[in-house]
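Remarks on the structure that follows.
When a ligand or atom number is given, it counts from 1 through the structure's own listing order. Since the structure is predicted, the reported quantities are computational estimates derived from the model, not experimental observations. Just so it is clear, the values below take in all heavy atoms, side chains as well, and ignore hydrogens, waters and symmetry mates.
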Amino acid sequence: MLRIWGRRNSINVQKVMWTVAELGLAHEHKDAGGSFGGLDDPAYLTMNPNGRVPVIDDDGVVVWESNAIVRYLCARHSAGELWADDPAARSLADRWMDWQNSSLIADLVTVFLGLIRTPEAERDWIAIGDAARRLNGHMGVLDDHLGRNEWVAGGRMSMGDIPVGALVHRWLHLPMERPDLGHVAAYYERLQQRPAYAEHVMIPLS
Ligand SMILES: N[C@@H](CCC(=O)N[C@@H](CS)C(=O)NCC(=O)O)C(=O)O
């Protein structure tokens, strides 16, 4: 049985839940992290020594790091579909996954924690503003790419859309100034038509 640990309002858990739903995999979900706690339990730390969500245990195969989990599930259950068999085609998806977890995430986290989880009087507006400007710049790169490609890896959805697509929902719902990026908006329209995305990603930011 596939088991998944992690609170549903975490973007990294949402990537995994969206993937599992997209692939129609039977699974058991356990809330963990945030107000649910449990991340410093010795049994949990044996699975993920970083004490972070998400983690999966797939009949004894334990995987942590959200993008590694998405890759594992797609390789195992979606070869030739979300996971491209050809290494060159797969690299198109891979680069956007790494881009999400390097260029994008640090700035998103600064803005998200600042605006959603920090009381107004305690906010570091300079740090939030700097991160928001960088984040908007990164989204401009994505917009340009999506002007030439329907999905991040080309003409069809791939595993590369999962981390990027999860982040697009957050970016569009943060109470911040954003440039009007038409290709990202059209991409978000396409994502919203996927029931698994609507169920697991399109939830209020908290
Ligand atoms: N790079 C890791 C980041 C994992 C991470 O920082 N998870 C956060 C939630 S998004 C966490 O566990 N926070 C502690 C908590 O929820 O209590 C991944 O992509 O899985």
Side-chain angles (χ1 to χ4, degrees), residues 2-23 25 27-58 61-77 82-83 90 93-119 127-128 131-132 134-135 138-139 142 152 158-174 176 196-197 199-206:
L2 172 63
R3 294 196 169 83
I4 303 157
W5 283 260
R7 55 185 169 82
R8 293 177 186 272
N9 63 346
S10 147
I11 183 173
N12 294 311
V13 174
Q14 288 171 4
K15 295 176 198 173
V16 176
M17 299 307 291
W18 174 17
T19 305
V20 164
E22 197 73 50
L23 300 178
L25 304 178
H27 65 281
E28 206 174 87
H29 170 258
K30 295 171 191 278
D31 280 313
S35 59
F36 299 101
L39 305 189
D40 50 4
D41 289 354
Y44 191 86
L45 289 169
T46 304
M47 293 193 297
N48 183 357
N50 303 293
R52 288 281 184 272
V53 291
V55 175
I56 66 163
D57 181 338
D58 186 21
V61 178
V62 174
V63 190
W64 45 267
E65 275 298 325
S66 57
N67 286 2
I69 297 171
V70 171
R71 286 188 176 94
Y72 167 81
L73 291 171
C74 292
R76 181 139 218 178
H77 300 284
L82 295 183
W83 170 271
R90 196 163 63 244
D94 258 336
R95 72 193 65 177
W96 289 101
M97 296 177 82
D98 285 1
W99 178 77
Q100 181 274 332
N101 231 1
S102 53
S103 300
L104 273 188
I105 196 70
D107 291 326
L108 178 95
V109 166
T110 300
V111 179
F112 175 80
L113 293 181
L115 296 181
I116 305 294
R117 300 238 179 105
T118 306
I128 293 169
R134 285 191 300 269
L135 183 57
H138 297 316
M139 296 309 281
L142 178 66
V152 298
S158 72
M159 65 179 180
D161 291 292
I162 290 178
V164 174
L167 198 138
V168 163
H169 173 76
R170 293 215 161 194
W171 179 67
L172 287 171
H173 289 85
L174 280 166
M176 61 183 269
Y197 183 82
E199 182 180 351
H200 294 288
V201 180
M202 294 178 62
I203 58 179
L205 307 190
S206 65

To the nearest 0.1 Å, how far is [atom] from its closest protein heavy atom, and which atom is that?
atom: atom 5 (C) of ligand 1; answer: R52 CD, 3.3 Å
atom: atom 9 (C) of ligand 1; answer: R7 NH2, 3.3 Å
atom: atom 17 (O) of ligand 1; answer: G34 N, 2.8 Å
atom: atom 3 (C) of ligand 1; answer: N12 ND2, 3.7 Å
atom: atom 14 (C) of ligand 1; answer: L39 CD1, 3.8 Å
atom: atom 1 (N) of ligand 1; answer: E65 OE1, 2.9 Å
atom: atom 7 (N) of ligand 1; answer: V53 O, 2.8 Å

Name of the residue among [options] meeting side chain to side chain contact (heavy atoms under 4.5 Å, CB included) with [X]:
X: W18; options: Q14, E22, K15; answer: E22
X: V111; options: L115, D107, L113; answer: L115
X: L39; options: L45, N48, V53; answer: V53

Ring pair (Phe, Tyr, Trp, His ring centres under 6.0 Å) partners for W99, two or more places apart: W96
All side chain to side chain donor-acceptor pair (under 3.5 Å) counterparts of H29, not counting sequence neighbours: R8
Residues H169, L205; criterion side chain to side chain contact (heavy atoms under 4.5 Å, CB included); working and verdict: CA-CA 9 Å; H169 173 76; L205 307 190; 4.2 Å; yes
Nearest atoms (heavy-atom pairs only) where P163 meets N67: CG-OD1, 3.3 Å
Polar proximity ligand 1 side, S66 side, N/O cut 3.5 Å exclusive: yes
S10, any N or O under 3.5 Å of ligand 1 N or O: no
Close-contact set for ligand 1 against P54 heavy atoms, below 4.0 Å: 20 (O)
For G33, atoms of ligand 1 separated by under 4.0 Å from a heavy atom: 15 (C), 16 (O), 17 (O)
Chi angles and distances behind the side chain to side chain contact (heavy atoms under 4.5 Å, CB included) call for V168, L142: CA-CA 10 Å; V168 163; L142 178 66; 3.9 Å; yes
